[in-house]
Amino acid sequence: MGRSDLATKANNLFGVKGQYQGQQILMNTDEYENNQRTTIKDYFKVYPSLEIAIQDHSNFLSVGTYATLTNLTNYAEQADLLQKAGYATDPNYATKIKKAIQDYDLAEYDA
């Protein structure tokens with residue numbers, strides 16, 4: 001499971017910003033503006049457990065901008081659309097996600 005400071009200190013596996021039930025942590029994060037990587041400080045949600053973090057992230061993706069992605073079954077298409085919808089500022093986000101899925105044979109879990 002996640003080994004980053006955010007995962008271990010806040011049970012935040014997905015880098016979700018904001019606060020959860022008033023709980024948040026200020027941490028460094030890399031963002032991209034005009035294709036330039038910069039490090040800033042921002043607030044991230046602190047969850048009481050990993051299970052709640054996963055549920056909250058699933059809820060986040062199931063409404064609003066990202067809700068239409070749940071109907072897709074092609075991970076490459078989902079990754080591309082997540083990036084286009086602004087899920088991450090990294091201009092290589094979709095490419096990195098697709099590579100990780102391929103490198104670790106994660107698509108087998110879609111069956």
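Predicted model, so just to flag it, every value in this text is computed and none were measured.
- With a 6.0 Å radius and a threshold of 12 heavy atoms from other residues, nucleotides or ligands, Glu33 has its CD atom at or below the threshold.
- The two residues Gln83 and Thr95 make their nearest non-hydrogen contact at OE1-N, 4.5 Å.
- Residues Thr29 and Phe44 are in side-chain contact: their nearest non-hydrogen atoms beyond the backbone lie under 4.5 Å apart.
- For the residue pair Tyr47/Asp56, the side-chain donor-acceptor check at 3.5 Å is satisfied.
- When side chains are defined from C-beta on, Lys45 does not count as touching Phe14, because their heavy atoms never get closer than 4.5 Å.
- Asn12 places a side-chain N or O within donor-acceptor distance of the main-chain N or O of Val16, the cut-off being under 3.5 Å.
- The minimum heavy-atom distance between Ala107 and Ile101, with the atom names listed, is N-CG2, 3.8 Å.
- For the pair Gln78 and Thr73, the minimum side-chain heavy-atom distance is 4.5 Å or more.
- With contacts defined as side-chain heavy-atom distances shorter than 4.5 Å, the pair Gln19/Tyr43 does not qualify.
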Taking it one step at a time, do Asp5 and Met27 satisfy side chain to side chain contact (heavy atoms under 4.5 Å, CB included)?
-> CA-CA 9 Å; Asp5 280 348; Met27 299 193 78; 3.5 Å; yes
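- Considering every non-hydrogen atom in both Leu13 and Ala7, the closest pair reads CD2-CB, 4.0 Å.
- Residues Thr89 and Glu31 have side chains that bring a donor and an acceptor to within less than 3.5 angstrom of each other.
- For the atom pair CD1 (Ile40) and CG (Asp30), the distance works out to 9.0 Å, reported to the nearest 0.5 Å.
- In this structure, Gln55 CD and Ser49 OG are separated by 8.5 Å, a value rounded to the nearest 0.5 Å.
- Taking every heavy atom of both residues into account, Ala94 and Ala79 meet most closely at CB-O, 3.5 Å.
- Salt-bridge formation is not detected for the pair Arg37/Asp90: no Lys NZ or Arg NE/NH1/NH2 atom is positioned less than 4.0 Å from an Asp or Glu carboxylate oxygen.
- Note: Leu50 CG to Thr8 OG1 = 10.0 Å, rounded to the nearest 0.5 Å.
- Asn74 contributes a side-chain N or O that, together with a main-chain N or O of Ala76, makes up a donor-acceptor pair within less than 3.5 Å.
- Closest approach of Ile25 and Ala10 over heavy atoms only: CG2-CB, 4.1 Å.
- Here the OG1-CG distance, from Thr65 to Leu81, works out to 12.0 Å after rounding to the nearest 0.5 Å.
- Two different hydrophobic clusters hold Leu26 and Val46 under the rule that ILVMFWY side chains link at heavy-atom gaps under 4.5 Å.
- Criterion: ILVMFWY side-chain heavy atoms under 4.5 Å apart, direct or through other members. Under it, Leu69 and Tyr109 are part of a common hydrophobic cluster.
- The local environment of NZ in Lys99 is sparse, with at most 12 non-hydrogen atoms from other residues, nucleotides or ligands closer than 6.0 Å.
- Contact check for Ile52 versus Tyr20: side-chain heavy atoms found under the 4.5 Å cut-off.
- Asn28 and Lys41 share a donor-acceptor pair across their side chains, judged by distance under 3.5 Å alone.
- Shown here for Ala100 and Leu106, the closest heavy-atom pair between the two residues is O-CD1, 4.1 Å.
- Under the 30°/60° scheme for interplanar angles, the aromatic rings of Tyr66 and Tyr87 are found to stand perpendicular.
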